[in-house]
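Notes follow once the structure below has been shown.
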Amino acid sequence: MRVQPFSTTPRRPSLLKAIGITNCLMIVALAVAIALTVASATARAQEAEQPLTAQIEDLKQALIALNRDLFILEEDLLYPSGTQVAVYLSMDVGAYFKLDAVELKIDDETVTHYLYTQKQVSALQRGGVQRLYMGNVTQGEHELTAFFIGIGPEKRPYKRAVTLSFEKADEPQALELSITDSPAKQQPEFLATVL
């Protein structure tokens, strides 16, 4: 086998010369035709976009309605009316108590513990009502205990509890915890009632 010495090969002709000027013009014409076709298709899509936008809005509205129905169904499945209990918190407080937290127990089992921000306390003081807990309990006699933690008179730490015994029937049960001021006692009062 003979090894040939390294030699320089002549440069290849340019692509333009290899394809030919006529073929290059045809390629450019084809590229322009493709660009015009794409532009035309885009214009048609924009014209058809108006009915498509209306269809999308209809689908969004249907999705919102379906989401609402699924939420209601989920509530019914998770909290059937025969076992459902809801606890609400309201507040009418002035100078005697600043709420920081509430701990809620049903039958000596902690079901929720809630910490409050200043905005939430302010909303409650302006007449807001918070659904503190929603869950299931069996029918029969139960005991609810709520612990209120905050700052009381003379800016001292304050923790009070209120207990309520209630009978759960086969219908949904609603309970209210309320915090009010007692100007006569110059102390906050904590109440629990069956609604």
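The figures here come from the full heavy-atom set of this structure, side chains too, leaving out hydrogens, waters and symmetry mates.
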Output, in order, the C-alpha distance, side-chain angles, deciding distance and verdict of ring pair (Phe, Tyr, Trp, His ring centres under 6.0 Å) for Y114 and Y133.
CA-CA 10 Å; Y114 197 86; Y133 172 75; over 10 Å; no
Check step by step if side chain to side chain contact (heavy atoms under 4.5 Å, CB included) holds for L99 and M91.
CA-CA 9 Å; L99 182 65; M91 191 174 355; 3.6 Å; yes
Please step through side-chain hydrogen bond (donor to acceptor under 3.5 Å, both in side chains) for the pair T110 and E103, ending with a clear verdict.
CA-CA 7 Å; T110 300; E103 181 180 352; 3.3 Å; yes
From CA spacing to verdict: side chain to side chain contact (heavy atoms under 4.5 Å, CB included), Q139, D170
CA-CA 7 Å; Q139 293 181 7; D170 61 347; 3.1 Å; yes
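Under the salt bridge (charged side-chain N to carboxylate O under 4.0 Å, His left out) criterion, E141 pairs with no residue at all, not counting sequence neighbours. Listed by chain and number, the residues in a salt bridge (charged side-chain N to carboxylate O under 4.0 Å, His left out) with K119 amount to none (sequence neighbours excluded). Among residues two or more places apart in sequence or in another chain, the side chain to side chain donor-acceptor pair (under 3.5 Å) test is passed with Q187 by Y158. Residues satisfying the side chain to side chain donor-acceptor pair (under 3.5 Å) test with T145, not counting sequence neighbours, are none. Under the salt bridge (charged side-chain N to carboxylate O under 4.0 Å, His left out) criterion, K159 pairs with no residue, sequence neighbours left out.
Shown here for A146 and L104, the closest heavy-atom pair between the two residues is CB-CD1, 4.0 Å. Closest heavy-atom contact between L124 and L89: CD2-O, 3.7 Å. For L177 against A192, the heavy-atom pair with the smallest separation is CD2-CB, 3.7 Å. Between K168 and H142, the closest heavy-atom pair is CB-CD2, 3.7 Å. Closest approach of V194 and L175 over heavy atoms only: CG2-CD2, 3.7 Å.
In this structure, Y88 OH and E176 CD are separated by 10.5 Å, a value rounded to the nearest 0.5 Å. To the nearest 0.5 angstrom, Q84 atom CD is 10.5 Å from Q173 atom CD. For the atom pair L144 CG and D107 CG, the distance stands at 9.0 Å (nearest 0.5 Å). L66 CG to Q61 CD: the interatomic distance, rounded to the nearest 0.5 Å, is 13.0 Å.
The aromatic rings of F190 and F97 sit perpendicular, their planes meeting at an angle over 60°, well past the 30° parallel limit.
In this structure, L191 shares a hydrophobic cluster with no other residue, the cluster being traced through Ile, Leu, Val, Met, Phe, Trp and Tyr side chains under 4.5 angstrom apart.
Annotation: side chain of N136 is not in contact with side chain of M134 (no heavy-atom distance under 4.5 Å). A heavy-atom distance below 4.5 Å is found between the side chains of Q130 and Y116.
A side-chain donor-acceptor contact under 3.5 Å links Q120 to the backbone of T117. Formation of a donor-acceptor pair under 3.5 Å by the D100 side chain with backbone atoms of I149 is not found in this model.
The number of heavy atoms from other shown groups lying within 6.0 Å of CG (D69) is above 12. Annotation for E109: atom CD does not count as buried by contact number, only 12 or fewer foreign heavy atoms lying within 6.0 Å.
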